[in-house]
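Below is one structure, written out as structure tokens, with a few remarks after it.
Proteins get letters first, then strands, A, B, ... in listed order; numbering begins at 1 in each.
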Number of protein chains: 4
Amino acid sequence: MKRDKPKYKQIIDAAVIVIAENGYHQAQVSKIAKEANVADGTIYLYFKNKEDILISVFREKMAIFVDNVQIILNQDIDTSEKLLKMIDNHFRVLNEDRNLAIVTQLELRQSNKELRFRINEVLKEYLSLLDAILKEGIDKEELNISLDVRLARQMVFGTIDETITSWVMNDQKYDLMKLSPEVHKLLMKGMKA
Amino acid sequence: MKRDKPKYKQIIDAAVIVIAENGYHQAQVSKIAKEANVADGTIYLYFKNKEDILISVFREKMAIFVDNVQIILNQDIDTSEKLLKMIDNHFRVLNEDRNLAIVTQLELRQSNKELRFRINEVLKEYLSLLDAILKEGIDKEELNISLDVRLARQMVFGTIDETITSWVMNDQKYDLMKLSPEVHKLLMKGMKA
Amino acid sequence: MKRDKPKYKQIIDAAVIVIAENGYHQAQVSKIAKEANVADGTIYLYFKNKEDILISVFREKMAIFVDNVQIILNQDIDTSEKLLKMIDNHFRVLNEDRNLAIVTQLELRQSNKELRFRINEVLKEYLSLLDAILKEGIDKEELNISLDVRLARQMVFGTIDETITSWVMNDQKYDLMKLSPEVHKLLMKGMKA
Amino acid sequence: MKRDKPKYKQIIDAAVIVIAENGYHQAQVSKIAKEANVADGTIYLYFKNKEDILISVFREKMAIFVDNVQIILNQDIDTSEKLLKMIDNHFRVLNEDRNLAIVTQLELRQSNKELRFRINEVLKEYLSLLDAILKEGIDKEELNISLDVRLARQMVFGTIDETITSWVMNDQKYDLMKLSPEVHKLLMKGMKA
DNA sequence: TATGAATGAGACTTCATTCAT
DNA sequence: GATGAATGAAGTCTCATTCAT
């Protein structure tokens with residue numbers, strides 16, 4: 001499997017660095033190849049085309065979020081705590097890899113419609129886990145039973161996303177992690193039973 | 001003043017249509033000129049360059065939001081109602097001009113860092129009006145006095161934005177306007193005193 | 001006759017200024033019109049096209065040289081003195097109108113082959129007057145009777161031209177007029193009987 | 001080193017042909033590429049931009065002159081003979097490559113101020129060799145000891161340049177080489193001790 | 001597997017000229 | 001005669017992808 005070979009990860013990581021440092025539109029395949037210490041042509045032994053690199057970046061990195069949330073979901077804690085851990089997880093991963101934050105919040109959004117639709121496919125998996133948390137909360141009557149799950153999910157994800165984007169736009173000047181309790185409280189207040 | 005001449009508006013409107021129908025990266029100047037029924041060169045009598053067209057699209061259209069919210073802000077109604085009217089306004093404008101919705105929620109976000117930075121400058125005006133509503137609500141104790149205005153604004157804007165983007169991504173299949181009471185309720189529940 | 005109307009001269013003079021200040025390739029018709037205080041379209045009432053302006057600039061200004069040399073030619077002085085007066089005249093006119101010097105020595109040479117051929121047609125009249133001086137000198141045996149007139153004319157004109165170009169390229173730092181006795185002596189030494 | 005690769009010379013030579021045949025302003029990169037039998041993009045692997053091609057043409061070709069004159073300068077012959085060889089060399093190179101003559105005497109002079117400034121930098125090396133010959137002649141008292149070297153150089157170069165330009169303008173109808181003894185005689189007569 | 005030289009399509013912008021007023 | 005808004009043709013350069021080695 002190509003994904004397990006060292007050069008595959010090498011190229012993915014190089015792509016994150018190059019995009020973060022140069023911006024989406026200045027992230028040429030040749031720059032990524034150079035950063036990854038491979039020849040331009042080698043890229044095409046591991047990826048179908050440039051778009052494939054970008055989707056793979058998103059898929060590989062999003063897997064971290066998904067795996068963590070999967071674990072959270074299975075824990076024996078109440079909905080409020082699950083939500084807190086999820087927000088915490090989301091903030092922590094991006095707080096720790098600031099290049100990744102730049103890439104997901106700013107740069108990859110410059111991609112064209114088709115690529116963003118495919119990125120959204122990947123995102124949906126994450127959002128469905130969030131849906132699962134919310135549904136479980138409603139079932140267990142820990143959240144307001146008249147809550148519209150789709151709207152609630154849009155509020156939760158929209159708030160998290162906007163908070164992180166603001167942080168990135170402000171050059172990551174403050175500690176993102178510190179915001180999670182307040183964000184959690186605000187969201188829970190809106191959704192709780 | 002160039003902005004008052006009919007061709008200026010003609011080109012702006014053509015740009016919205018062309019970008020919505022073809023996507024940001026396929027919106028060539030020549031296509032916009034054709035849609036506006038002017039020669040390519042005429043574009044440059046009204047706009048400095050292509051980027052200037054795009055910023056102007058955003059500025060001109062965002063002015064509608066800002067003007068409306070300004071009026072709402074001055075009305076003698078309580079904070080909850082102001083917020084409802086603001087959400088309503090935001091949803092209505094984009095519900096009525098679906099091309100504009102595609103352009104603001106999807107296409108213009110593909111622009112490069114510099115252009116998005118300039119778009120953000122325009123956006124800030126709108127966000128500061130939202131801030132004013134929230135601050136007033138706190139002062140009048142209609143909102144939770146311990147509310148962090150920045151976080152609250154990020155929640156409100158993030159939720160609205162995410163809701164509209166979801167609607168656009170789902171091909172605007174449902175009536176966006178119908179969502180505003182529920183969105184409003186959810187947000188107010190989180191913020192009220 | 002158009003050439004006698006004030007706007008004709010106004011445009012010619014504006015062209016010299018605009019070309020000297022902006023360079024040949026930055027001397028747009030609209031700039032010349034602005035400098036001449038006329039509308040763009042007015043230019044075309046006096047000149048067939050842009051090339052026609054440039055040739056006219058050269059023709060009108062070259063007429064000054066030709067007229068002066070014509071007078072010199074008719075004077076009752078010896079060949080050496082005629083040559084000195086001619087060099088003096090050439091240097092003086094350009095020394096006094098430095099914009100004109102920039103235009104003739106540097107900028108107009110950037111024009112395309114066809115324009116330069118037409119400029120050369122104008123120049124030929126001047127060179128034929130120089131030829132006349134040289135031929136007369138040979139006939140009167142004041143110059144070496146075995147002198148090849150064409151070569152001698154190329155030496156005289158080439159030396160004058162190169163001297164002026166050097167002066168322009170050195171930002172007209174020194175007084176061009178002071179060079180004429182030395183240039184004259186050098187040339188005469190090569191050609192005298 | 002890029003300059004040693006065959007495609008580099010291939011493109012330079014193609015540029016001379018295309019400029020000579022089409023004129024400076026009609027020498028599009030795509031034409032040069034076609035003449036050189038490479039793709040348009042390949043040009044940019046060897047040259048920074050179009051201007052870089054043109055400067056390189058001048059630099060590469062001027063090197064022939066400079067190298068030859070350097071050899072002449074070191075020979076154990078008198079100043080008069082050195083000057084003759086130099087004129088001979090200059091005439092011969094351009095007589096043998098008539099396209100090059102068109103390019104250096106007519107076409108490259110149409111370039112913009114900046115390009116011509118850079119071309120002049122290259123030219124200065126050649127002129128300083130000429131200066132060296134003249135200075136040596138004065139020191140050895142083979143030339144007039146009161147000779148102004150700058151003026152003399154301007155006369156020599158101006159005469160050579162004007163002679164060649166005349167020859168090119170007359171469609172290279174006669175044999176340029178045959179003119180060198182006469183040109184040399186004329187110049188030496190003016191400068192000799 | 002890996003390389004990297006070569007390819008070639010594609011678009012923004014300028015500016016001389018026109019013509020309705 | 002005078003205006004100036006409108007026109008539209010035309011060229012440089014970038015960069016994702018290929019393929020011979």
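Among pairs with a residue in residues 28-54 of chain D, those fulfilling ring-ring contact (aromatic ring centres under 6.0 Å, His included) read Tyr8(D)-Phe47(D), at least two apart in sequence or across chains.
If you check residues 39-58 of chain D against DNA chain E, the residues with a heavy atom closer than 4.0 Å are Ala39(D), Gly41(D), Thr42(D), Leu45(D), Tyr46(D), listed by number. Near-neighbour residues of DNA chain F inside residues 20-30 of chain D, defined by a heavy atom below 4.0 Å, number-ordered: Gln28(D), Val29(D).
Rounding to the nearest 0.5 angstrom, the gap separating the CG atom in Leu106(D) from the CZ atom in Phe117(C) is 6.5 Å.
Taking all atoms of both residues into account, the shortest heavy-atom contact from Gln172(D) to Ala101(D) is NE2-CB, 3.8 Å. Contact detail for Gly23(C) and Glu107(C): the closest heavy-atom pair is CA-OE1, 3.4 Å. Of all the heavy atoms in Gln10(C) and Ala36(C), the pair that sits closest is NE2-O, 2.8 Å. The heavy-atom pair separating Val103(C) from Val16(C) by the smallest distance is CG2-O, 3.6 Å. In terms of heavy-atom proximity, Ile17(A) sits nearest to Asn99(A) at CG1-ND2, 4.3 Å. The two residues Ala15(C) and Val57(C) have their closest heavy-atom pair at CB-CG2, 3.8 Å.
Using a 4.5 Å cut-off on side-chain heavy atoms (C-beta onward), Gln105(D) and Met169(D) make no contact.
At the phosphate of dG1(F), OP1 or OP2 sits under 4.0 Å from a side-chain N or O atom of Lys5(C).
A donor-acceptor contact shorter than 3.5 Å links the side chain of Lys31(D) to the backbone of Gln26(D).
You can see that DNA chain E meets the heavy atoms of chain A within a 4.0 Å-exclusive cut from dT1(E) to dG4(E), reading 5' to 3'.
In summary, Glu121(A) and Arg118(A) do not engage in a salt bridge, as defined by a charged side-chain N under 4.0 Å from a carboxylate O.
By the salt bridge (charged side-chain N to carboxylate O under 4.0 Å, His left out) test, Arg59(C) is found to be paired with no residue, residues two or more places apart in sequence or in another chain being considered.
Paired runs in DNA chain F that reach 3 or more consecutive Watson-Crick or G-U pairs, where each pair keeps both distances under 3.5 Å, cover E:2-21 with F:2-21.
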